[in-house]
A.B. asks: 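Here it is: the structure, laid out below.
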Amino acid sequence: MKLIYMASPYAGDIEKNTEFAKRACRHVMNEGHAFFAPHLLYPQLLNDANPHERQAGLAMGLAVLPRCDELWCYGERISHGMLLEIQEADRLGIPVRRVMEKEQGFIIGSVKTNVKADAPVLSMGMA
């Protein structure tokens, strides 16, 4: 069983993004893997609106990333936090996959060997 670092948007519409993240985690589990989703864990304890606490959550998530086998990046947009996670995975040589939601469910993309060349446009208004 692989350990998958699950990245998806959190800031913005937090309720909608949290529900999306839960579906993404279930998708990872249904694919036969364990997941780590720091943006579902740390906001339970930290105030995401407090820049120091948000940074602490990001740092703690990135501290676990080296222990993960792959990073799966869910959603139509890449938030600032997701971009940091993708860049760190790239730096560590951890495979990154894009996973898009379609009508029939999630579609897992192939591993990108050059994430920087394939990185989508950052969303605006990110915290």
Side-chain angles (χ1 to χ4, degrees):
M1 176 182 294
K2 290 182 178 179
L3 177 57
I4 306 299
Y5 190 106
M6 197 289 288
S8 66
Y10 180 76
D13 188 339
I14 292 173
E15 184 175 333
K16 178 182 171 187
N17 292 339
T18 297
E19 289 307 312
F20 179 78
K22 289 178 181 178
R23 288 198 316 274
C25 287
R26 182 162 292 279
H27 175 254
V28 172
M29 184 182 74
N30 290 342
E31 291 293 316
H33 306 297
F35 59 83
F36 176 67
H39 56 307
L40 289 184
L41 172 64
Y42 295 121
Q44 302 300 314
L45 307 167
L46 304 173
N47 180 358
D48 197 59
N50 177 314
H52 295 293
E53 291 193 11
R54 176 173 171 72
Q55 184 58 41
L58 287 168
M60 288 189 283
L62 291 175
V64 177
L65 182 57
R67 294 169 176 79
C68 296
D69 297 295
E70 295 184 6
L71 183 147
W72 289 10
C73 184
Y74 285 78
E76 298 288 327
R77 67 181 176 94
I78 303 294
S79 69
H80 177 70
M82 293 168 68
L83 182 59
L84 294 175
E85 294 164 331
I86 291 168
Q87 289 173 335
E88 182 65 4
D90 189 40
R91 188 183 74 76
L92 295 170
I94 295 172
V96 175
R97 294 180 187 272
R98 286 299 311 262
V99 183
M100 304 302 289
E101 188 170 37
K102 303 292 182 188
E103 288 181 23
Q104 65 274 25
F106 288 106
I107 307 295
I108 303 170
S110 61
V111 172
K112 303 298 182 195
T113 56
N114 187 350
V115 174
K116 292 176 184 171
D118 195 40
V121 175
L122 284 175
S123 62
M124 301 302 292
M126 293 305 308

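Residue numbers start at 1 and run along the sequence shown. Note that these values count all heavy atoms, side chains included, but never hydrogens, waters or copies made by symmetry. Just so it is clear, the structure is predicted and the values come from calculations on it, not from any experiment.
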A.B. asks: Between Phe106 and Phe20, how do the two ring planes meet: parallel, tilted or perpendicular, split at 30° and 60°?
C.D. replies: perpendicular
A.B. asks: Heavy atoms only: give me the nearest Leu71-Glu85 pair and the separation to one decimal.
C.D. replies: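 Minimum heavy-atom contact is CD1-O, 3.7 Å.
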A.B. asks: Spell out, yes or no, whether Leu41 and Leu46 are grouped together once hydrophobic residues are joined by side-chain heavy atoms under 4.5 Å, including indirect joins.
C.D. replies: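 Yes, it is one cluster - the side chains of Leu41 and Leu46 are joined through contacts under 4.5 Å.
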A.B. asks: Hydrophobic cluster membership, with links at side-chain heavy-atom distances under 4.5 Å among I/L/V/M/F/W/Y: are Ile86 and Leu92 in one?
C.D. replies: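 Result: yes, single cluster for both.
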A.B. asks: Answer yes or no: does atom CZ of Phe35 have more than 12 heavy-atom neighbours from other residues, nucleotides or ligands under 6.0 Å?
C.D. replies: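 Atom CZ in Phe35 is not crowded, with 12 or fewer foreign heavy atoms closer than 6.0 Å.
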A.B. asks: Which pair of non-hydrogen atoms, one from Gly57 and one from Tyr42, has the smallest distance, and what is that distance?
C.D. replies: O-CD1, 3.7 Å
A.B. asks: Side-chain heavy atoms nearer than 4.5 Å, only ILVMFWY residues, links allowed to pass through others: does that put Val28 and Val64 together?
C.D. replies: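 As far as the 4.5 Å side-chain criterion goes, Val64 and Val28 are not connected within one cluster.
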A.B. asks: Got a second to check how far Leu3's CG is from Glu70's CD, nearest 0.5 Å?
C.D. replies: 10.5 Å
A.B. asks: Could you pull out the closest heavy-atom pair between Asp69 and Pro95, with the gap in Å?
C.D. replies: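 Shortest heavy-atom contact: O-CD, 3.3 Å.
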A.B. asks: Working to the nearest 0.5 angstrom, can you tell me the gap between Leu58 CG and Leu84 CG?
C.D. replies: 6.5 Å
A.B. asks: Within the 4.5 Å heavy-atom criterion, are Tyr10 and Thr18 side-chain neighbours or not?
C.D. replies: yes
A.B. asks: I need the minimum non-hydrogen distance between Glu101 and Arg23, along with the two atoms involved.
C.D. replies: OE1-NH2, 3.1 Å
A.B. asks: Can you tell me how far CE of Met29 sits from CE of Met1, rounded to the nearest 0.5 angstrom?
C.D. replies: 9.5 Å
A.B. asks: Decide yes or no for Leu65 and Arg91: does some side-chain heavy atom of the first lie under 4.5 Å from some side-chain heavy atom of the second?
C.D. replies: no
A.B. asks: Counting only heavy atoms not in Gln104, do more than 12 fall under 6.0 Å of its CD?
C.D. replies: yes
A.B. asks: State, with a plain yes or no, whether a side-chain heavy atom of Pro38 is found less than 4.5 Å away from one of Met60.
C.D. replies: no
A.B. asks: Do the side chains of Cys25 and Leu40 get nearer than 4.5 Å, heavy atoms only?
C.D. replies: yes
A.B. asks: Search all heavy atoms of His39 against all heavy atoms of Ser8 and return the closest pair with its distance.
C.D. replies: NE2-OG, 2.8 Å
A.B. asks: With the 4.5 Å side-chain cut-off for hydrophobic clustering, are Met100 and Ile108 part of the same group?
C.D. replies: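 Different hydrophobic clusters.
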A.B. asks: For a quick test of reading the model, state the closest non-hydrogen atom pair linking His27 to Val99 and the distance between them.
C.D. replies: CE1-CG1, 4.0 Å
A.B. asks: With a 4.0 Å cut-off, would you call Glu19 and Lys16 a salt bridge?
C.D. replies: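 Between Lys16 and Glu19 there is no salt bridge, as every charged N stays at least 4.0 Å from the carboxylate O atoms.
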A.B. asks: Report whether Ile94 and Tyr5 are members of the same hydrophobic cluster (ILVMFWY, side-chain heavy atoms less than 4.5 Å apart, transitive linking).
C.D. replies: yes
A.B. asks: Output yes when a side-chain donor or acceptor of Arg26 lies under 3.5 Å from a complementary backbone atom of Ala21, and no otherwise.
C.D. replies: no
A.B. asks: Begin with the C-alpha distance, continue with both residues' side-chain angles, and end with the deciding distance and a verdict on side-chain contact (heavy atoms from CB on, under 4.5 Å) for Trp72 and His33.
C.D. replies: CA-CA 11 Å; Trp72 289 10; His33 306 297; 3.7 Å; yes
